[in-house]
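Positions are given from 1 along the sequence.
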Amino acid sequence: MVFFHTSNNTLSPTSTSSLPTSPTSSMVEQTIQNAESIIKKWDLNSSSLITVTPLFHRNRKEAKEYLKCVMDLRGTMHFLVSQNSAPHKLVISQTLMQIAMKRLEKEFYQILSSNRERLDPESVSTSLSSDGSASFDVEEDEADQLKIAGESISEVERVSELAMADLKAIAECMCSSGYGKECAHIYKLFRKSIVDRGLYLLGIEKFKSSRINKMDREYLHLTIKNWLNAVKIAVKSLFNGEKILCDHVFSASQTIRDACFAEITTEGAKNLFKFPELIAKNKNSPPDRIFRLLELHGAISELRPDIESIFNVELTSAIKLQALSSLQKVGGSVKTLLTNFRLSIRKDSSKTPVPGGGIHPLAQSTMSYLSSLSDYDRILSDIISIHPPIDNALFPESYFNDPTVIEAPKPAASVHLAWLILILLCKIDSKAQLYEDLSLSYLFLANNLQFIINQVQTSTLKHLLGHQWLSRHTQKIKQYALSYESVAWNRVFESLPERTTSELSYEAVKDCFKRFNAAFEQVYVKQISWIVPNGKLRDELKVSIAGKLVPIYREFYETFSTKLNADFVRISPDDLGNYLSDLFHGTRISSSSMLSSSSHSKGCLLR
């Protein structure tokens with residue numbers, strides 16, 4: 001005959017009996033009688049209202065006594081087995097134990113069910129963090145327990161804490177009596193439904209690659225956005241709260257609590273953490289896919305310490321492996337996209353020069369992309385550190401650092417973004433060669449470098465690339481501007497004498513005006529359609545040209561203009577300043593309409 005319910009669970013050290021080490025026969029008899037009295041009173045097979053009345057809800061003091069009697073009965077059974085005597089008493093005790101366990105199973109389920117809302121993970125976390133634990137002390141008076149609870153927490157939290165204490169007490173009693181498997185089964189079924197429903201309410205579904213591949217851009221973006229919000233709540237509240245509750249209820253048995261928590265959370269958690277991996281495998285994603293991947297990578301990386309802490313046992317290792325797999329797959333996908341982006345810059349084959357030397361579409365699209373990438377610098381650095389691009393090793397250190405200044409190493413994102421900008425600048429240099437006019441190619445280079453610098457200064461790139469990078473490239477713009485000015489305006493400058501002197505002959509003066517008119521008109525007609533989008537650079541160019549040209553021309557004009565008729569003196573100094581102010585706006589004008597009169601309609605900007 002089998003007297004004991006067998007289980008893999010060992011006797012909990014906290015579930016001790018009040019019997020002495022060597023009880024007398026009368027003490028054993030008394031223990032069995034006391035247990036029989038209260039256990040049969042709450043027998044589920046009874047025909048009375050007791051069968052539908054929750055023990056722990058109706059009379060908590062009697063519930064404590066019930067648990068105490070069960071533990072004493074368990075101690076008695078151990079004693080009887082050790083003495084190998086009184087088999088009829090052992091049979092009676094075993095029968096009473098089975099009745100008690102059935103009652104406790106029902107009580108356990110009723111507490112879980114009736115406190116479904118109060119035992120949500122967030123409430124559990126808050127309740128247990130208020131004083132560190134909830135306990136059902138069988139030696140403590142109920143009034144004292146309620147008084148302590150009422151002083152520290154609200155009524156709702158008090159009820160929640162008492163429910164957790166009841167669950168813990170029942171679990172300890174059942175586990176120590178060899179019924180841990182039955183207790184755990186009830187707990188797992190009920191709490192798994194809570195966790196699964198919580199994930200469902202957070203919008204977490206069981207996605208498949210085929211379904212994700214069919215999502216349009218807007219719906220995919222919303223799905224990712226929802227996941228980013230949901231994963232934080234799921235980890236920090238849902239799984240963390242469930243971990244706390246499970247550890248609390250089954251504190252007497254690590255084996256049971258680990259198994260329970262693993263079975264409750266593994267399916268939902270693996271599905272949750274698999275989502276980023278599915279997105280990383282999606283080949284039909286929109287152009288901004290990399291930014292969504294960076295957000296997914298950042299979310300998992302940020303939560304990784306919590307994931308490691310919550311799923312910290314062998315039975316939940318599959319969850320951590322799935323999270324790590326998603327992290328690696330997303331990182332690898334980001335690396336691939338960065339590589340493809342770099343190659344797209346290098347392979348750009350457009351052969352049409354931008355009209356007027358304006359901003360090249362490649363510069364616009366590339367800098368827009370890099371500016372957005374810079375907002376993810378920390379995440380990008382993490383990914384690049386693990387998945388370094390092959391050609392980053394070719395990046396010259398001198399591109400960043402002044403050899404006379406000792407600085408800390410640049411983050412991986414800074415180096416890579418600077419490398420991509422350098423590739424862009426090299427490509428822009430090759431695009432400048434498409435212009436037949438050398439001066440226009442220099443203007444094109446100045447415009448595009450100024451645009452790139454502006455994009456750097458108005459984004460996170462400014463902090464990533466640093467002051468030295470900006471200073472070096474700003475100086476390069478000045479070099480381009482000087483080269484443009486020298487090539488474009490040299491013939492105009494040379495048409496006037498370096499020094500105005502009254503000794504010049506009439507024919508020499510007439511020839512100077514003719515050469516100046518022809519040279520200026522040629523430059524003006526050609527450059528009036530050129531463009532400098534940046535206002536500051538545009539003004540600097542005009543000021544520089546006017547500063548060199550207008551004073552010399554004014555002196556020459558004031559000295560000799562009265563000696564010639566209007567056919568030769570066609571431009572006044574004021575008109576010259578007005579004409580210069582028209583430059584670099586991309587205006588179209590014919591040469592026949594340019595110098596139709598010497599009275600220009602606009603006010604003089606540069607004198």
Side-chain angles (χ1 to χ4, degrees), residues 217 282-294 332-374 380 384 387-396 399 413 415-456 459 461 465 469 472-473 476-477 479-481 483-484 487-488 526-527 529-534 537 584 586 588:
R217 176 178 178 176
N282 181 23
K283 303 302 181 183
N284 301 321
S285 296
D288 60 352
R289 177 186 178 212
I290 191 170
F291 305 114
R292 306 291 78 82
L293 289 173
L294 288 169
S333 186
V334 168
K335 177 190 176 181
T336 300
L337 291 173
L338 288 174
T339 300
N340 293 341
F341 177 68
R342 184 185 72 250
L343 293 175
S344 71
I345 300 174
R346 286 179 168 166
K347 292 180 179 180
D348 184 272
S349 58
S350 59
K351 299 295 184 181
T352 304
V354 178
I359 310 303
H360 199 282
L362 179 63
Q364 293 176 325
S365 60
T366 299
M367 290 311 299
S368 174
Y369 193 82
L370 295 182
S371 296
S372 298
L373 275 181
S374 69
L380 202 56
I384 294 173
H387 307 277
I390 297 175
D391 60 357
N392 259 23
L394 304 176
F395 190 73
Y399 189 69
V415 175
H416 191 68
L417 293 176
W419 180 226
L420 291 175
I421 292 177
L422 180 58
I423 294 172
L424 172 63
L425 289 173
C426 292
K427 198 68 180 180
I428 292 298
D429 282 345
S430 69
K431 302 295 184 185
Q433 297 173 14
L434 298 173
Y435 292 98
E436 295 180 0
D437 190 307
L438 182 59
S439 62
L440 183 55
S441 68
Y442 281 124
L443 189 67
F444 170 79
L445 290 171
N447 277 334
N448 281 268
L449 183 52
Q450 181 66 66
F451 172 78
I452 290 170
I453 287 177
N454 287 347
Q455 293 295 300
V456 169
S459 68
L461 287 169
L465 302 184
W469 187 97
R472 184 182 301 112
H473 288 82
K476 200 166 187 177
I477 292 177
Q479 294 172 3
Y480 287 145
S483 297
Y484 151 77
V487 175
K526 181 169 60 175
Q527 297 194 28
S529 63
W530 295 2
I531 188 169
V532 178
N534 182 266
L537 178 60
F584 310 131
R588 294 289 177 179

Those residues at least two apart in sequence (or on a different chain) that pass side chain to side chain donor-acceptor pair (under 3.5 Å) with Ser439 are Asp437

* Asked: Is any side-chain heavy atom of Val334 less than 4.5 Å from a side-chain heavy atom of His387?
  -> no

Minimal heavy-atom distance between Met367 and Val456, with the atoms involved, is CE-CG2, 4.1 Å

*Backbone N or O of Lys427 within a donor-acceptor pair of the Ser430 side chain at under 3.5 Å?*
yes

Minimum side-chain heavy-atom gap Ile359-Asn447 below 4.5 Å: yes

For Val354 and Tyr435 the tightest heavy-atom approach is O-OH, 2.6 Å

For Thr336, the side-chain contact (heavy atoms from CB on, under 4.5 Å) test, sequence neighbours excluded, returns Asn340

Applying side-chain contact (heavy atoms from CB on, under 4.5 Å) to Ile428 and not counting sequence neighbours gives His360, Ala363, Leu424, Phe444, Leu445, Asn448

Side chain to side chain donor-acceptor pair (under 3.5 Å) filter on Ser333, not counting sequence neighbours, yields Arg289

Contacts satisfying salt bridge (charged side-chain N to carboxylate O under 4.0 Å, His left out) that involve residues 347-366 (not counting sequence neighbours) are Asp348-Lys431

Sequence neighbours excluded, the answer for side chain to side chain donor-acceptor pair (under 3.5 Å) partners of Tyr484 is Trp489, Gln527

Applying side-chain contact (heavy atoms from CB on, under 4.5 Å) to Ser374 and not counting sequence neighbours gives Leu417, Ser459, Thr460, Leu461, Leu464

Query raised in the report: Looking only at atom types and distance, does a side-chain atom of Asn534 sit under 3.5 Å from a main-chain N or O of Leu537, one as donor and one as acceptor?
Result: yes

Those residues at least two apart in sequence (or on a different chain) that pass side-chain contact (heavy atoms from CB on, under 4.5 Å) with Gln433 are none

